[in-house]
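Comments concern the structure below.
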Number of protein chains: 2
Amino acid sequence: MSIDKLAAAHSAWLPPRALQAIKARRVAVHGAGRLVETVREEVGTTVTEDAELILRLSSERLGDEGFALYRRDGVTVVLADAPAGLLYGFFHVVRLGEAAFAGEWPVERHVPAMRRRMLDHWDNIDVHPVMGQVERGYSGGSIFWRDGVPRDLDRVRVYARLLAATGINAVAINNVNVHATEARLLTDRLGEVVAVAEVFRPYGIRVHLSVSFAAPVMLGGLPTADPLDEGVRGWWAQTTQRVYAAIPDFGGYVVKADSEGQPGPFGYGRSHADGANVLADALAPFGGVVHWRAFVYNHRQDWRDRSTDRARAAYDHFAPLDGKFRDNAILQVKHGPIDFQTREPVSPVIAAMPATSVAVELQVTQEYTGQQRHAVYLGPMWSEILGFRLTSEADVAGLARELVAVSNVGDDPFWTGHPLAQANLYAFGRLAWDPTLDPLSILDEWVDLALGPDVDRAALHAILDDSWRTYESYTAPLGVGFMVRPGHHYGPDVDGYEYTPWGTYHFADREGVGVDRTRATGTGFTGQYPQPWSDVYESLERCPDELLLFFHHVPYEHVLHSGSTVIQHIYDTHFAGAERAVEMRRLWERLAGQVDPELDARVRERLDEQVRSAAEWRDQINTYFHRKSGEPDAKGRQIY
Amino acid sequence: MSIDKLAAAHSAWLPPRALQAIKARRVAVHGAGRLVETVREEVGTTVTEDAELILRLSSERLGDEGFALYRRDGVTVVLADAPAGLLYGFFHVVRLGEAAFAGEWPVERHVPAMRRRMLDHWDNIDVHPVMGQVERGYSGGSIFWRDGVPRDLDRVRVYARLLAATGINAVAINNVNVHATEARLLTDRLGEVVAVAEVFRPYGIRVHLSVSFAAPVMLGGLPTADPLDEGVRGWWAQTTQRVYAAIPDFGGYVVKADSEGQPGPFGYGRSHADGANVLADALAPFGGVVHWRAFVYNHRQDWRDRSTDRARAAYDHFAPLDGKFRDNAILQVKHGPIDFQTREPVSPVIAAMPATSVAVELQVTQEYTGQQRHAVYLGPMWSEILGFRLTSEADVAGLARELVAVSNVGDDPFWTGHPLAQANLYAFGRLAWDPTLDPLSILDEWVDLALGPDVDRAALHAILDDSWRTYESYTAPLGVGFMVRPGHHYGPDVDGYEYTPWGTYHFADREGVGVDRTRATGTGFTGQYPQPWSDVYESLERCPDELLLFFHHVPYEHVLHSGSTVIQHIYDTHFAGAERAVEMRRLWERLAGQVDPELDARVRERLDEQVRSAAEWRDQINTYFHRKSGEPDAKGRQIY
C-alpha cells in the first residue's frame with residue numbers, strides 16, 4: 001500500500017490525538033525486550049528523571065500479560081512482569097488519556113481473563129470465484145494478499161498496533177476453507193507467513209495458519225492423510241519443525257475438518273480427537289496449539305427428514321470425545337449451535353467438555369448481522385453470551401479458555417466498511433481481555449478514541465446501544481434464524497433455506513412456525529443442556545420469548561410472555577424495527593460537522609441502505625406471514 | 001481441438017452411416033460456386049454419366065435456398081436455383097437415405113418458410129465470474145473461445161456442417177450481454193470473427209455479432225452513444241464498413257439494449273427505433289441486418305407494486321414504434337411475454353407490429369426446461385407456438401419473418417450435454433425451415449440419423465414425445481412460471497423470485513395463487529391480445545387450464561375444465577410427473593446395447609438426476625402448497 005493510501009486510511013482508535021496526553025508528559029520506560037522497545041517507540045522521547053509516567057518491569061505475579069498501575073505523588077506508574085504486560089499497560093494509559101494524570105489512586109491490577117484473544121481472518125490468496133478475496137468479508141480486499149500475491153505490509157503494521165491496543169494477541173491470517181493455493185502457505189509459500197509474523201511480532205501478536213487436513217496428500221504427495229498413519233504423523237512433525245525454524249513464535253494451526261466439504265478424519269474412519277491430536281503432537285514440542293473447529297454437521301441434509309437437527313450436531317460429534325484431546329488441542333466452538341445468527345441460545349458444547357480446552361468463537365464480521373451495511377453494535381450480544389450462566393458453577397466466559405472471532409477488517413479506508421463497525425472489532429478485543437466490562441462503556445472508549453471527545457455521544461449511544469436488538473426486530477423473529485438470501489446471506493428470503501440441504505428451517509405453515517427441538521415431541525436438542533436450561537428450553541411456558549421459535553413450533557395465536565401473540569409480535573417488531581432504522585438515520589444528523597466528512601458520507605450511505613433494507617425485511621416478513629397465517633394486523637398497518 | 005478429441009466427439013445426426021446410401025451411388029454434381037463445391041466434397045467421387053443421383057443448378061423459381069427433387073427412370077434429381085439450395089437439397093437426400101433411391105415420384109418443391117434461420121450463441125471470450133464461459137450454457141465450454149483466447153476451429157467446422165444439414169443459415173457467435181472483452185470483436189479482435197466466418201461460409205451460414213450499444217463510447221472513445229449524434233452515426237458507419245471489408249458476407253448485429261443492465265437508447269432519451277435504425281443504416285449498404293431484441297422490461301421492479309407487469313413490457317415499449325424501424329432492422333421477440341418459461345402464452349407483440357419485421361426467438365438451451373439434465377424434447381412446444389393462430393389471418397409462423405434460437409451447443413463430446421438434447425437443436429432447424437412439420441416425425445429423423453435405424457424407436461418416443469409436458473407437470477403449475485432457484489435457475493424454489501425485483505411472481509397465499517392480468521381487475525395484459533384471445537384469456541371460464549395462473553388469481557378450490565380443483569391438480573400432476581420420470585428411466589433400459597456405451601452412460605446419469613430432481617420438485621411444490629392451503633391430498637399420498 002502506498003503512503004498516500006495509508007494516510008487516507010482512517011486512524012480508527014489510535015489517532016495522534018489519542019496519544020496526546022502521554023506525549024505531553026515526561027515518560028520513563030525501563031526494561032529490555034522487543035515489546036518494551038515498541039513502548040519506547042510509541043512514547044517517543046523518554047527521560048531518566050522526573051518522569052510523570054513510568055513504565056517498568058517488576059515482579060508482581062501478574063503473569064505474561066498482566067499489568068498493574070497506580071498514581072502517587074503526581075507520578076503514574078505502570079508495572080508488569082513481562083514486556084507484553086508493559087505494552088498492554090501502555091495502551092491502558094492511552095485509553096485513560098488525561099485521566100491517567102489526574103488525582104491519585106491505589107494499585108489496580110489488570111490480568112486478561114482469556115489466555116488467547118484471537119482473530120481469525122478468512123482471507124484468500126487467490127480471489128475465490130464465489131467467495132472472493134475475503135470470505136464473508138465486507139470491507140474490501142484482504143490486507144495480506146491481492147489477486148494471488150502478497151501485499152505491501154505497511155497497513156498490517158498499523159493493524160497490528162490497533163489490535164494490540166485492544167488486547168488481541170493472536171491472529172490466524174488465512175481462510176479456514178483452505179483452497180489449493182492457500183494450503184501452500186504451510187510449505188513453499190511459508191515465506192509470506194514469515195513476513196507477516198515479523199510485522200505482528202512487535203505488538204505481541206502470534207501468527208497462526210489455517211491448514212488443510214489433507215495437506216499430507218495435497219502438499220506432501222502421501223497416499224493418505226490418515227491421522228494414525230505413521231507417514232502422516234511424520235510429515236506433520238517435519239513440516240511443523242520447518243515452520244518453527246522460520247517462525248520461532250509461530251502460534252499454531254486452525255482446522256475446519258469434515259465440514260462443508262473440507263476433508264477430515266471421517267474420511268479415514270478416525271475420530272476428530274485422532275485428527276486434532278496428530279497436529280497437536282506436531283506442534284507440542286514448540287509450544288504451538290491447534291484450534292480445531294467444532295463446526296461439524298451434515299450440510300447435505302434432506303429437508304424432508306425432520307429427525308435430523310443441525311443444532312444437535314456439534315454436541316453429538318464432540319461431547320463423547322471429551323478428555324481425548326491433547327492439552328494443546330483447542331476445541332473452537334461457535335457461540336450458538338447453528339451459525340452466528342442474530343439470536344441463538346448458547347451452544348451446549350461449551351458446558352459439555354470439562355476436560356477439553358474450549359475456545360468460544362464469535363463473528364465480528366457481520367455475515368448474518370447486516371454485513372457492515374447495517375449499524376449493529378455487537379458488544380451487548382457478546383456480553384450477554386459471555387455472561388450467560390450455562391452451568392450452576394460458571395458462565396460462558398468462565399467455561400471458555402479462549403475467545404476467538406472472525407475479523408471484519410479489510411483494505412477499506414475505514415478498515416471495516418461501515419465506520420461504526422470498528423466499534424465491534426474494538427469491543428471484541430476488550431471483552432476477550434475482560435468479559436465483565438460493560439459493553440456500553442467500551443463503546444464510550446471507542447467513541448472517545450476514534451471520533452474524539454467532542455462528538456454528540458448521546459446520539460451515538462441512541463444509534464448503537466440497542467442496534468443489535470433493532471436488527472433482530474426487523475429480521476428473523478423469535479430466534480427462528482436465517483430467512484436470508486441463500487449464498488450471500490444478505491437481505492430477506494423467508495423460504496430461502498427452507499427446502500435446502502443446509503439444515504436451517506422454520507417450518508412455517510398455515511397454523512404456526514418454529515422448530516420443535518424438545519425432548520418430548522421434537523429433535524431432543526434441549527436434552528443437550530445442563531439444568532435448569534434443559535427444562536427451561538423444553539417448557540413452552542418457561543422458554544424465553546426471544547428463543548421461542550428456536551425451541552418450539554407454535555401456533556400464530558400463541559401468546560408470548562409479553563402478552564402479544566406470535567403473529568402480532570412479528571408485525572409489531574417489524575414495523576417498529578424499520579421505524580427505528582429511520583430514527584437511527586435521523587439521529588446521525590446530529591453528528592453533522594463533528595466528524596470527518598468522508599466518514600460522515602460513508603455512514604450516511606450505509607444508513608440509507610439500512611433504512612431501505614429494514615423496510616424490505618419488514619415487508620417481506622410481514623407479507624409472508626400474512627399470506628400464510630391469514631391473520632390481520634391488529635393495528636391495520638400496510639401489509640403488501 | 002486435437003484430432004483425438006474430435007474423433008471422440010459424437011457425430012450427432014451426420015455419422016458416416018447417414019451418407020451411406022449416397023456414397024453407394026453414382027452421383028453427378030453440376031454447377032459452380034463455393035456451396036456446390038461443398039456438395040462435391042460431401043459426395044466424394046462424382047461421375048459425368050449414368051448417375052443415379054444428379055444435383056444441378058436450374059431455374060425453378062425456388063429462390064436462393066429452395067430446391068426441388070423428383071425421381072424418374074431410376075434417377076433421383078435435385079434442382080436448385082442457387083448453390084445454397086443445392087446444399088439443402090443434398091442434405092434432404094441424406095435424410096431420406098435409401099428411400100431417396102426407391103420408386104418413382106413427381107417433383108417436390110422445398111422452400112424455407114423463414115428467410116433467416118438463426119442460432120444465437122451466448123458465448124463469452126473471458127470466463128465471466130458469474131455466468132461462466134457460456135451464459136446459460138449446459139454443454140461445457142464454448143466451441144469458439146476458451147479462457148480469453150480463440151480455440152482451434154476444427155470443431156466449429158463440424159458444427160457448421162451439422163447446422164447446414166438442419167437448414168440453419170445464420171449464427172451469432174457471442175453473448176448478447178456484451179462485456180468489455182467481447183465488445184472488441186467489433187474492432188481490434190475482428191480477426192477472430194473473420195476466422196469463424198471462414199469456417200461457416202462453405203456451409204451457407206453467415207456470421208452475426210452481438211454488439212454493445214455503448215460501443216462508440218467503449219471502443220470509439222466518443223463522449224456519447226446517442227443514436228442521433230452525427231459522430232455516433234459516423235462511427236457506426238465506419239466501423240461497419242471495416243467489418244465488411246474483412247467479411248463481405250457478414251450477417252449483421254444483434255443488440256440487447258436497455259435490458260438487464262445493458263446500455264441503450266433510453267440513456268439518451270431516444271426511442272428503440274432510433275437506436276436500432278442507426279445500426280440498420282450502417283449495415284444497409286452491405287445488405288446486413290440488425291436484430292434488435294424486444295426483451296426490455298424493468299428488472300428493478302418493486303414486488304409490492306402489483307400494477308407493474310413485466311408481461312406487458314415488450315408490447316408497451318415496442319408496439320407504438322411499429323412502422324418506425326428500417327426494413328433491415330429485425331425486432332427479435334421472445335415467444336412468450338416473460339422469459340422462455342416451460343409454459344407461456346404467445347407474446348402479443350408478434351401480432352402487434354405488422355409494419356415491422358419480427359423474428360420469433362426460442363430457447364434451445366434449456367435454461368428453464370431442465371438445463372440438459374432433464375430429457376425434455378421441445379419440438380412439440382415449438383410446434384404448438386408456431387402453429388398458434390394469434391390473429392384471424394395468421395399463425396405465429398406466418399406472422400414471423402424469421403426464427404431465432406439460443407443455441408444449446410458447447411464443447412461437450414455429445415455437443416449438447418444431454419445426448420437427447422441434440423434432438424432439440426435438430427428440431428429447431430427443421431421447424432425454422434418448415435414450421436408445419438410434425439415434431440414427432442422430426443424426432444424420427446433425428447433418431448434414425450443420430451442413433452441409427454435399429455434402436456428401439458418406440459421406447460425413445462415413449463421417453464421423449466411427452467417429455468415437455470412431463471417436465472411441465474412436475475414444475476411450476478398451470479402457467480404460473482418460475483419457482484426456480486434464483487441465479488442459476490435450476491431446481492425448485494417456490495418463493496425464490498417472489499420478493500425480488502425481477503417481476504416474476506405467483507402471489508400464492510392461504511386462499512389461492514396466480515397473477516391477475518385481466519383488464520377487469522388486474523394488470524390489463526389481456527388487452528394486448530387481438531380477439532378472440534383477448535376475451536378468451538380475460539375470461540376465467542374460457543381461459544385454457546394450462547395458462548390459468550398466468551392470467552388469473554384463483555382460489556385453490558377453483559375447478560378446472562379438467563374437473564379437478566387447482567390444489568388437487570397441483571398434487572396430482574406432481575405425483576404423476578415424478579412417476580413419469582421414473583418411467584422414462586425404465587424405458588431407457590430398453591436401449592441397452594443398442595447405443596454407444598458412453599452415450600448410454602451419459603443418458604443414464606442424466607436420467608438419474610432427472611428422477612432425483614423431479615422428486616425434489618414434487619415434494620417442494622406439494623409441501624409448499626400444502627402448508628399454504630391446508631388442503632389435504634384427496635388420495636392421501638405423502639406430502640412432507
Side-chain angles (χ1 to χ4, degrees), chain A residues 126-133 300-307 483-488 490-501 505-513 553 555-556 567 612-613 615-632 638-640, chain B residues 126-133 300-307 483-488 491-502 505-513 553 555-556 567 612-613 615-632 638-640:
Chain A
D126 289 335
V127 176
H128 186 273
V130 177
M131 291 302 180
Q133 185 77 66
R300 301 193 184 283
Q301 186 179 330
D302 190 330
W303 60 268
R304 288 163 282 220
D305 163 22
R306 291 217 189 183
S307 66
M483 303 193 167
V484 294
R485 285 264 147 204
H488 57 62
Y490 186 75
D493 185 349
V494 180
D495 272 3
Y497 277 96
E498 192 59 14
Y499 303 94
T500 72
Y505 314 117
H506 55 66
F507 300 122
D509 60 17
R510 278 166 68 97
E511 315 303 333
V513 58
H553 186 91
Y556 294 115
I567 188 71
R612 184 208 66 75
S613 177
E616 185 67 29
W617 271 100
R618 174 196 65 203
D619 292 337
Q620 282 200 34
I621 297 264
N622 285 348
T623 296
Y624 180 96
F625 283 105
H626 182 262
R627 285 191 190 179
K628 216 147 203 172
S629 72
E631 298 284 345
Q638 167 98 63
I639 295 178
Y640 295 90
Chain B
D126 289 334
V127 176
H128 187 272
V130 177
M131 291 301 180
Q133 186 77 67
R300 302 192 185 280
Q301 187 181 329
D302 189 330
W303 59 268
R304 288 163 282 220
D305 163 23
R306 289 216 189 184
S307 66
M483 302 193 168
V484 294
R485 284 262 149 206
H488 57 61
D493 185 348
V494 180
D495 272 2
Y497 278 97
E498 190 60 12
Y499 303 94
T500 72
W502 295 95
Y505 315 117
H506 55 65
F507 301 121
D509 59 18
R510 278 165 68 97
E511 316 302 335
V513 57
H553 186 91
Y556 294 115
I567 189 68
R612 184 207 65 76
S613 176
E616 185 67 29
W617 271 100
R618 174 196 65 202
D619 292 336
Q620 281 200 33
I621 297 265
N622 285 348
T623 296
Y624 180 95
F625 283 105
H626 182 262
R627 285 191 189 177
K628 214 145 203 172
S629 72
E631 297 284 344
Q638 167 97 64
I639 295 177
Y640 294 90

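Quick note on labels: first sequence line is chain A, next is B, and so on, each numbered from 1.
For a residue to count as touching a neighbouring chain, one of its non-hydrogen atoms must lie under 4.5 Å from one of that chain's; by this rule B/Pro492 does not touch chain A. With a 4.5 angstrom heavy-atom cutoff, A/Glu498 touches chain B only via side-chain atoms.
Note that CD of A/Gln638 is 9.5 Å distant from CZ of B/Arg304, once rounded to the nearest 0.5 Å.
A side-chain donor-acceptor contact under 3.5 Å links A/Arg510 to the backbone of B/Ser629.
Contacts with chain A were tallied for B/Thr500, B/Asp493, B/Asp619, B/Val127; B/Asp619 has the most, counting heavy-atom pairs under 4.5 Å. Contact count against chain A (heavy-atom pairs under 4.5 Å) is highest for B/Ala508 among B/Pro129, B/Ala508, B/Gly487, B/Gly491.
Proximity of B/Tyr640 to A/Asp305: side-chain heavy atoms (C-beta onward) are nowhere separated by under 4.5 Å. Residues A/Gln620 and B/Trp303 form a side-chain contact, since some pair of their non-hydrogen atoms from C-beta on lies under 4.5 Å apart. Put simply, the side chain of A/Tyr499 reaches to within 4.5 Å of the side chain of B/Thr623, judged on heavy atoms.
Ion pairing between A/Asp509 and B/Lys628 fails under the 4.0 Å rule for side-chain N and carboxylate O.
Dense packing is recorded around CZ of B/Arg612, with more than 12 heavy atoms of other residues, nucleotides or ligands lying under 6.0 Å away.
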